[in-house]
Amino acid sequence: MVAAGNGLFFPIIGFASCVAFIYMSFGGLNVSYPKEPEMGFVTRNGTHFMLDGKALYVNGWNSYWLMDHAVHDYSRARVGAMLQAGAKMGLTVCRTWAFNDGGYNSLQISPGQFDERVFKALDHVIVEARKNGVRLLLSLVNNLQAYGGKTQYVNWAWEEGIGISSSNDSFFFDPSIHKYFKHYVKTVLTRKNTITGVEYRNDPTIFAWELINEPRCMSDPSGDTLQDWIDEMSAFVKSIDKKHLVTVGLEGFYGPKSPKRLTVNPEMWASALGSDFIRNSNNDNIDFASVHIYPDHWFHDLEFEDDLKFVTKWMLSHIEDGDKELNKPVFFTEYGLSNLIKGFEPSLRDKLYKTILDIVYKSAKRKRSGAGALIWQLFVEGMEEYNDDFGIVPWERTSTYKLLTEQSCRLGRIS
Ligand SMILES: *[C@@H]1O[C@H](CO)[C@@H](O)[C@H](O)[C@H]1NC(C)=O
Ligand SMILES: *[C@@H]1O[C@H](CO)[C@@H](O)[C@H](O)[C@H]1NC(C)=O
């Protein structure tokens with residue numbers, strides 16, 4: 001970790017040297033030590049992530065594209081470049097897709113059929129992360145259609161004539177689709193990395209498994225259908241892998257089982273999505289809660305200052321749930337601001353990011369459940385076509401680079 005054994009070091013020498021220290025400890029590691037250092041599993045105790053007997057607070061990022069770009073020679077170097085750059089900013093966790101169902105460069109070509117080329121690409125991503133001292137939060141399927149998602153599973157079952165409904169929510173309740181998904185999960189968790197020989201389930205480079213990115217099951221607003229799926233799939237993951245933490249991948253909206261919290265939701269629609277932050281996270285096989293932060297997507301016409309007020313309320317509410325209702329860490333696994341909003345300028349992003357990072361820092365300082373945050377999203381030069389309206393190349397924006405690095409330093413001081 002950034003601050004291991006250096007608790008006194010940072011406050012005295014200040015920010016500039018912390019940056020230099022991060023640079024040496026991560027960037028220089030491969031050069032100085034040909035053998036990689038021992039890496040422990042991240043665990044949890046109550047509301048805290050734990051690593052090597054100490055609480056761990058995470059500053060990290062999203063780069064969903066790592067496996068995809070590791071498939072071909074011409075783009076593979078971007079993976080190492082991104083992970084090394086993240087490490088140089090002191091970022092310790094990267095969230096990325098461990099799925100690609102049915103499309104171009106798909107890992108799962110059709111149910112139970114895997115492309116070994118793409119699996120090797122994922123092997124490579126894990127090795128590069130390890131080399132740079134970064135851990136991976138690996139997501140197992142998408143609720144959205146990008147990279148296949150639940151809709152692809154539904155189409156597969158429908159095409160084979162075994163699907164019981166063509167609704168994309170049948171992903172959550174169709175027994176034949178449950179079988180497809182479990183087979184996929186088992187194949188990934190027991191995958192033996194062709195470079196290291198280590199099965200994924202035994203690899204401490206993996207920070208945790210995320211069941212599904214941003215689940216919504218609008219066909220059942222009571223929330224029972226999604227809850228049953230979470231119960232079944234989290235137990236299934238734990239039956240194969242007891243070493244890694246598991247999270248759901250929620251956006252964090254409150255549902256009908258949390259009536260006291262409904263006023264924290266952005267707008268009325270958010271309580272009718274079939275998800276429910278407290279109920280969904282309150283299962284023994286779910287080790288930590290996940291929350292996303294997209295004020296500009298969730299409100300139609302809100303002034304930016306009101307976005308910031310919402311974000312503060314949203315985060316504090318979830319942190320309180322982590323402490324009082326769940327006794328689990330609360331991990332803000334995506335936050336971002338679209339550049340398509342009216343009057344956008346990059347400095348607005350810095351303001352939003354700072355608000356979020358300050359809340360995580362204060363929570364950590366008070367030993368509360370706010371356990372970290374991951375920016376959506378970072379990428380490297382030369383791949384602009386993979387950007388969405390949120391992505392940045394951090395070293396092209398000095399102020400953002402500094403903000404992120406500073407957060408790594410101050411969280412490192414607490415750990
Ligand atoms: C977990 O936390 C509790 C309460 O803070 C503490 O008493 C206990 O020693 C911790 N356990 C480990 C393994 O760190
Ligand atoms: C699922 O189906 C509904 C209803 O047809 C549609 O509105 C929605 O966009 C679909 N979602 C996904 C992720 O495919």
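In what follows, every heavy atom counts, from backbone to side chain, and hydrogens, waters and symmetry copies are set aside.
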Inset, instruction - May I have the step-by-step check of side chain to side chain donor-acceptor pair (under 3.5 Å) for Y180 and E160, ending in yes or no? - result: CA-CA 12 Å; Y180 288 166; E160 290 182 23; 3.1 Å; yes
Inset, instruction - Before accepting this row, confirm whether a basic side-chain N of the pair K351/D307 lies closer than 4.0 Å to the acidic partner's carboxylate O. - result: no
Inset, instruction - Specify whether Y184 and F114 have parallel, tilted or perpendicular ring planes, treating 30° as the upper limit for parallel and 60° as the lower limit for perpendicular. - result: parallel
Inset, instruction - Measure the spacing between OG1 of T225 and CZ of F173 and express it to the nearest 0.5 Å. - result: 7.0 Å
Legend entry - Side chain to side chain, V246 and N285, heavy atoms closer than 4.5 Å: no
Inset, instruction - Would you kindly say whether T205 and D203 are connected by a side-chain donor-acceptor distance under 3.5 Å? - result: yes
Legend entry - Under 3.5 Å side-chain donor-acceptor pair for D123 and T194: yes
Legend entry - Short side-chain donor-acceptor distance under 3.5 Å, W209 and D241: yes
Inset, instruction - Indicate yes or no: at least one non-hydrogen side-chain atom of T190 is less than 4.5 angstrom from one of I240. - result: yes
Inset, instruction - Could you walk me through whether N62 and L378 pass the side-chain contact (heavy atoms from CB on, under 4.5 Å) test, one step at a time? - result: CA-CA 6 Å; N62 282 273; L378 303 185; over 6 Å; no
Inset, instruction - For this output row, return yes or no: ring centroids of F181 and W229 closer than 6.0 angstrom. - result: yes
Legend entry - Test item: Q152 and Q108 side chains (from C-beta on) under 4.5 Å apart, heavy atoms: no
Legend entry - Option among N143, I177, D228 that satisfies the side-chain contact (heavy atoms from CB on, under 4.5 Å) test with F172: N143
Legend entry - Ion pair check, E320 and R261, cut-off under 4.0 Å: yes
Inset, instruction - For residues L352 and P295, determine if any side-chain heavy atom of one lies less than 4.5 Å from a side-chain heavy atom of the other. - result: yes
Inset, instruction - Verify salt bridge (charged side-chain N to carboxylate O under 4.0 Å, His left out) between R279 and D224, making sure each step is shown before the conclusion. - result: CA-CA 10 Å; R279 183 185 183 200; D224 293 345; 2.8 Å; yes
Inset, instruction - Report yes if the side chains of V141 and F171 come closer than 4.5 Å at any heavy-atom pair, otherwise no. - result: yes
Legend entry - Working for side-chain contact (heavy atoms from CB on, under 4.5 Å), residues T333 and V291: CA-CA 6 Å; T333 48; V291 184; over 6 Å; no
Inset, instruction - Using a strict cut-off of less than 4.0 Å between a Lys/Arg side-chain nitrogen and an Asp/Glu carboxylate oxygen, indicate whether R191 and E116 qualify as a salt bridge. - result: yes
Legend entry - Distance-only polar pair, side chains of Q407 and Y361, donor-acceptor under 3.5 Å: no
Legend entry - Pair R368 + D323, salt bridge at N-O below 4.0 Å: yes
Inset, instruction - Compare every heavy atom of M89 with every heavy atom of S408, then report the nearest pair and how far apart it is. - result: OG-O, 2.6 Å
Legend entry - Parallel, tilted or perpendicular: rings of Y254 and F277 (30°, 60°): perpendicular
Legend entry - CZ-CG distance between R135 and L91, expressed to the nearest 0.5 angstrom: 14.0 Å
Legend entry - CD/E303: more than 12 non-hydrogen atoms of other groups inside 6.0 Å: no
Legend entry - Smallest separation among heavy atoms of N59 and L404, with atom names: ND2-O, 2.9 Å
Legend entry - Cationic tip of K182 above F236 ring, under 6.0 Å, 45° of axis: yes
Legend entry - Within residues 205-214 or reaching into it, pairs that qualify as salt bridge (Lys or Arg N to Asp or Glu O under 4.0 Å) - sequence neighbours excluded: R95-E210
Legend entry - Residue pair P215 / L250: nearest heavy atoms and the distance that separates them: CG-CD2, 3.8 Å
Inset, instruction - Please check if any side-chain donor atom of D389 sits under 3.5 Å from a side-chain acceptor atom of N339, or the reverse. - result: no
Legend entry - Aromatic ring proximity, centroids under 6.0 angstrom, W269 and F253: yes
Inset, instruction - Tell me, with the steps shown, if I206 and Y200 meet side-chain contact (heavy atoms from CB on, under 4.5 Å). - result: CA-CA 8 Å; I206 295 167; Y200 287 7; 3.9 Å; yes
Legend entry - NZ/NE/NH1/NH2 to OD/OE distance under 4.0 Å, E251 and R216: yes
Inset, instruction - Locate the shortest heavy-atom distance separating H297 from F390; write the atom from each residue and the value. - result: NE2-CZ, 3.6 Å
Inset, instruction - Please check if the distance between the ring centroids of W314 and Y335 is under 6.0 Å. - result: no
Inset, instruction - Give the ring-plane orientation class for F207 versus F288, where under 30° counts as parallel, over 60° as perpendicular and anything between as tilted. - result: perpendicular
Legend entry - Validation row: R366, K362 side chains within 4.5 angstrom (heavy atoms): yes
Inset, instruction - Would you check if S139 and I212 make a side-chain contact, meaning some heavy-atom pair closer than 4.5 Å? - result: no
Inset, instruction - Indicate whether any N or O donor in one side chain lies under 3.5 Å from an N or O acceptor in the other, for S63 and T96. - result: no
Inset, instruction - Let me see the working for Y64 and W376 under side-chain contact (heavy atoms from CB on, under 4.5 Å), right down to the final yes or no. - result: CA-CA 9 Å; Y64 71 86; W376 182 276; 3.9 Å; yes
Inset, instruction - Given side chain to side chain donor-acceptor pair (under 3.5 Å), test T400 with D350 step by step and report yes or no. - result: CA-CA 6 Å; T400 308; D350 288 345; 2.7 Å; yes
Inset, instruction - Identify the two heavy atoms, one from S369 and one from S363, that lie closest to each other, and give their separation to 0.1 Å. - result: N-OG, 3.8 Å
Legend entry - K192 atom NZ: more than 12 heavy-atom contacts under 6.0 Å: no
Legend entry - Residue from F331, Y57, F41 passing ring pair (Phe, Tyr, Trp, His ring centres under 6.0 Å) with F49: F331
Inset, instruction - Could you give me the CA-CA distance, side-chain angles and deciding distance for K54 and D52, then say whether salt bridge (charged side-chain N to carboxylate O under 4.0 Å, His left out) is met? - result: CA-CA 6 Å; K54 291 193 203 107; D52 303 331; over 6 Å; no
Inset, instruction - Can you measure from SG (C94) to CG (N132) and round to the nearest 0.5 angstrom? - result: 11.0 Å
Inset, instruction - Considering non-hydrogen atoms only, spot the tightest contact between D169 and K150 and give its length. - result: OD1-NZ, 2.8 Å
Inset, instruction - Tell me yes or no: between the side chains of E325 and N282, is some donor less than 3.5 Å from an acceptor? - result: no
Inset, instruction - Enter the distance from R130:CZ to N193:CG here, rounded to the nearest 0.5 Å. - result: 11.0 Å
Inset, instruction - Answer with yes or no whether the side chains of D101 and S106 bring together a donor and an acceptor at under 3.5 Å. - result: no
Legend entry - Check: H292 ring centre within less than 6.0 Å of F332 ring centre: no
Inset, instruction - Supply the atom-to-atom distance F344 CZ to L340 CG, rounded to the nearest 0.5 angstrom. - result: 9.0 Å
Inset, instruction - Could you tell me the separation between the CG atom of L137 and the CH2 atom of W97, rounded to the nearest 0.5 Å? - result: 9.0 Å
Inset, instruction - Please determine if K238 and D284 form a salt bridge, counting it only when a charged side-chain N lies under 4.0 Å from a carboxylate O. - result: no
Inset, instruction - Kindly say whether the aromatic ring centers of Y386 and F379 come within a distance under 6.0 Å. - result: no
Legend entry - Validation row: S399, R397 side chains within 4.5 angstrom (heavy atoms): yes
